[in-house]
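Structure first, then comments.
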Amino acid sequence: MNKEYKTIREVVGPLMLVEGVEGVTYNELVEILCQNGETRRGKVLEVNRDRAVVQLFENAQGLQIATAKARFLGHAQELAVSKDMLGRVFDGMGNPRDGGAPVIPEKMLDINGEPINPAARDYPNEFIETGVSAIDGLNTLVRGQKLPVFSMSGLPHAELAAQIARQAKVRGSEEGFAVVFAAIGITFEEAQYFIDDFKRTGAIERTVLFTNLADDPAVERIATPRIALTCAEYLAFDCGMHVLVIMTDITNYAEALREVSAARREIPGRRGYPGYLYTDLASLYERAGRIRGSKGSITQIPILTMPEDDKTHPIPDLTGYITEGQIILSRELYKKGINPPIDVLPSLSRLKDKGIGAGKTREDHADTMNQLFAAYARGKESKELSAILGEAALSDVDKLYAKFAEAFEERYVSQGFETDRTIEETLDLGWDLLKILPKSELKRIRTAYIEKYMKQDL
């Protein structure tokens, strides 16, 4: 029998103080029983001798502490998981939001996850095809990787997220592929966009959606990504599926963390965020990966909007340290009408070399990728030089590079949010664009590949 305490002393914002407690542990679930029969829930944030600080999941409005009782349940927050979750929409706490019946659990799992033994981790080295050329061709996503998208307010990261969720696949794989989509602190309109898009394209059949809306409590926002990752771990390591976890928007998650930290009167770190922001983000991101001996895997694409378009802001800065690269969206490209507006030069996938080549994508992938990067970088320089000194200052070769940069943005990067390109189509398009340049400039590609894949002589 769980003990009930009538010693609730104080409620400040989302926090409640209970005194005289015994045997209470960190993260333990708490039920607050009100005199009118209403039950609220919370979890233990801190224990100091016989005092427990409880974080409420719901609003504290109308809570009468004189008559309320706190019951400690003896276990952390758990999620009921089952393969039947595929095709369903849940709220940020894992309750059905689609009008369907509650999930009949095959298991109850702690949402904080089980620590993975680092020695049991397998190296990510299998290509995931997203159908987006700027990612597949130049910043390749690998199964088990964490590859965040750094966006800015007003840019179409929601459309890109929906496109990747719709199109992503592991080629030549017998295991099932699933998408776990966590929407954190977004508007009702955005949440409805994702639900409608997945239903329209049939992607909902292999997707589990968790939607935490902007008017839901901040505390729920902290639980949502953990609940989504717990569902992903079950599908990956119990059901043997390849799972892609897309979380948007991590900035809203960090803001909720800051709000609760301020309520606890903790000493703030950079920009008012708690000093443990790095550790907290790592506890989410490090739940991606592959485990030796297990067929399944978890690949993560966290999406965050950079406050004030600043990539040195603590959230993108710390995310960059923990994850294996980043995809950066550009306001300049978006203004030009290029969608998705992926800025390929500052973007980076640190594991791309492990997921490409013969047997994975195609033998010419690495060479053409390096050549496209180099040519686009030089083309952008030529365009800048032309803007300052005029086109007359450019050599004939520089003019070709400038022409290449224009064509590269318009044909390779810009493909819209409905086009699904295979990796072969992306590579062939790269070769087609390289025809703009003289063959003597293709110094990063082996001659054998030029002869084999260049469709016509220059």
Side-chain angles (χ1 to χ4, degrees), residues 87 89 127-143 145-171 177-184 186-187 189-211 228 232 242-250 299-305 325-331 333-334 336-344 347 349 352 355 361 409-427 429:
V89 182
F127 169 64
I128 290 184
E129 186 175 275
T130 64
V132 180
S133 291
I135 298 175
D136 292 349
L138 301 172
N139 294 291
T140 314
L141 179 65
V142 180
R143 187 162 75 87
Q145 184 179 5
K146 313 174 280 289
L147 187 63
V149 173
F150 289 0
S151 183
M152 302 169 192
S153 60
L155 294 191
H157 48 269
E159 288 86 342
L160 179 62
Q163 182 179 20
I164 293 171
R166 248 189 350 254
Q167 297 177 176
K169 57 187 97 52
V170 178
R171 301 191 355 151
F177 190 87
V179 175
V180 174
F181 199 102
I184 307 160
I186 65 171
T187 63
E189 187 184 8
E190 278 183 291
Q192 201 57 45
Y193 165 77
F194 289 123
I195 295 166
D196 292 346
D197 188 81
F198 293 161
K199 283 182 177 172
R200 172 180 67 85
T201 56
I204 191 84
E205 297 303 320
R206 60 168 194 174
T207 304
V208 187
L209 255 140
F210 294 92
T211 56
H242 301 315
V243 185
L244 176 64
V245 180
I246 299 176
M247 299 185 285
T248 179
D249 180 341
I250 293 295
T299 308
Q300 270 187 31
I301 300 184
I303 297 172
L304 55 95
T305 46
Q326 67 278 332
I327 302 293
I328 296 182
L329 302 190
S330 156
R331 202 178 287 286
L333 290 177
Y334 182 60
K336 285 185 187 176
I338 288 166
N339 282 314
I342 296 172
D343 194 351
V344 297
S347 296
S349 168
K352 65 187 172 195
T361 53
E409 287 175 359
E410 286 168 12
R411 292 177 55 201
Y412 193 96
V413 179
S414 186
Q415 65 179 78
F417 296 111
E418 297 297 326
T419 307
D420 185 359
R421 287 183 187 152
T422 64
I423 186 61
E424 288 79 15
E425 286 172 336
T426 291
L427 292 170
L429 179 56

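On a predicted model such as this, the values are computed, not experimentally measured, just so you know.
Counting heavy atoms from C-beta on, the side chains of R143 and V170 come closer than 4.5 Å. R331 places a side-chain heavy atom less than 4.5 Å from the side chain of L155. Counting only heavy atoms from C-beta outward, the side chains of F150 and L329 never approach each other to under 4.5 Å. Counting only heavy atoms from C-beta outward, the side chains of K352 and V142 never approach each other to under 4.5 Å. A 4.5 Å side-chain heavy-atom check between I303 and I246 finds at least one atom pair inside the cut-off. With a 4.5 Å cut-off on side-chain heavy atoms, P156 and P340 do not count as touching. Between Q415 and V132, the closest side-chain pair of non-hydrogen atoms falls below 4.5 Å. Side-chain contact between V344 and Y412 is absent, with no heavy atoms from C-beta onward closer than 4.5 Å.
Here T130 contributes atom OG1 and I423 contributes atom CD1; the two are 8.5 Å apart, rounded to the nearest 0.5 Å. Here S330 contributes atom OG and I338 contributes atom CD1; the two are 8.5 Å apart, rounded to the nearest 0.5 Å. Atom OG1 of residue T248 and atom CZ of residue F194 lie 5.5 Å apart, to the nearest 0.5 angstrom. In this structure, CD1 in I342 is found 6.0 Å from CD1 in I327, a value given to the nearest 0.5 Å. The CD1 atom of I301 lies 8.0 Å from the CG atom of L160; values are rounded to the nearest 0.5 Å. Summarising the geometry, atom CG belonging to L138 is positioned 8.5 Å from atom OG belonging to S133; distances are rounded to the nearest 0.5 Å.
Between P302 and I250, the shortest heavy-atom contact is CB-CG1, 3.8 Å. In terms of heavy-atom proximity, Q163 sits nearest to F417 at OE1-CD2, 3.4 Å. Scanning all heavy atoms of the two residues, the minimum distance from A182 to A228 falls at CB-CB, 3.7 Å. The minimum heavy-atom distance linking A168 with R206 is given by the pair O-NH1, 3.0 Å. In terms of heavy atoms, A158 sits closest to Y193 at O-CE2, 4.0 Å. The heavy-atom pair separating V89 from I195 by the smallest distance is CG1-CD1, 3.9 Å.
Listed by chain and number, the residues in a salt bridge (Lys or Arg N to Asp or Glu O under 4.0 Å) with D197 are R166, R200 (sequence neighbours excluded).
Using a 30° and 60° split on the angle between ring planes, F198 and F181 fall in the perpendicular class, above 60°.
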Take I128 and Q145, measure what side-chain contact (heavy atoms from CB on, under 4.5 Å) needs, and give me the verdict at the end. CA-CA 10 Å; I128 290 184; Q145 184 179 5; over 6 Å; no
Could you go through the side-chain contact (heavy atoms from CB on, under 4.5 Å) check for L209 and I204 one step at a time? CA-CA 8 Å; L209 255 140; I204 191 84; 3.8 Å; yes
Using the side chain to side chain donor-acceptor pair (under 3.5 Å) rule, take R421 and T426 through it: C-alpha gap first, then chi angles, then the decisive distance, then the call. CA-CA 6 Å; R421 287 183 187 152; T426 291; 5.3 Å; no
Please determine whether side-chain contact (heavy atoms from CB on, under 4.5 Å) holds for the pair T211 and I186, giving the CA-CA distance in whole Å, both sets of side-chain angles, and the decisive distance to 0.1 Å. CA-CA 8 Å; T211 56; I186 65 171; 5.5 Å; no
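When the options D136, T140, I135, L141 are evaluated for a side chain to side chain contact (heavy atoms under 4.5 Å, CB included) with E129, the one that passes is D136.
With S347 contributing its side chain and I328 its backbone, the two residues share a donor-acceptor pair below 3.5 Å. In this structure a side-chain-to-backbone donor-acceptor pair under 3.5 Å is missing from E205 to G202.
Around CD of E424, the count of heavy atoms belonging to other residues, nucleotides or ligands within 6.0 Å exceeds 12.
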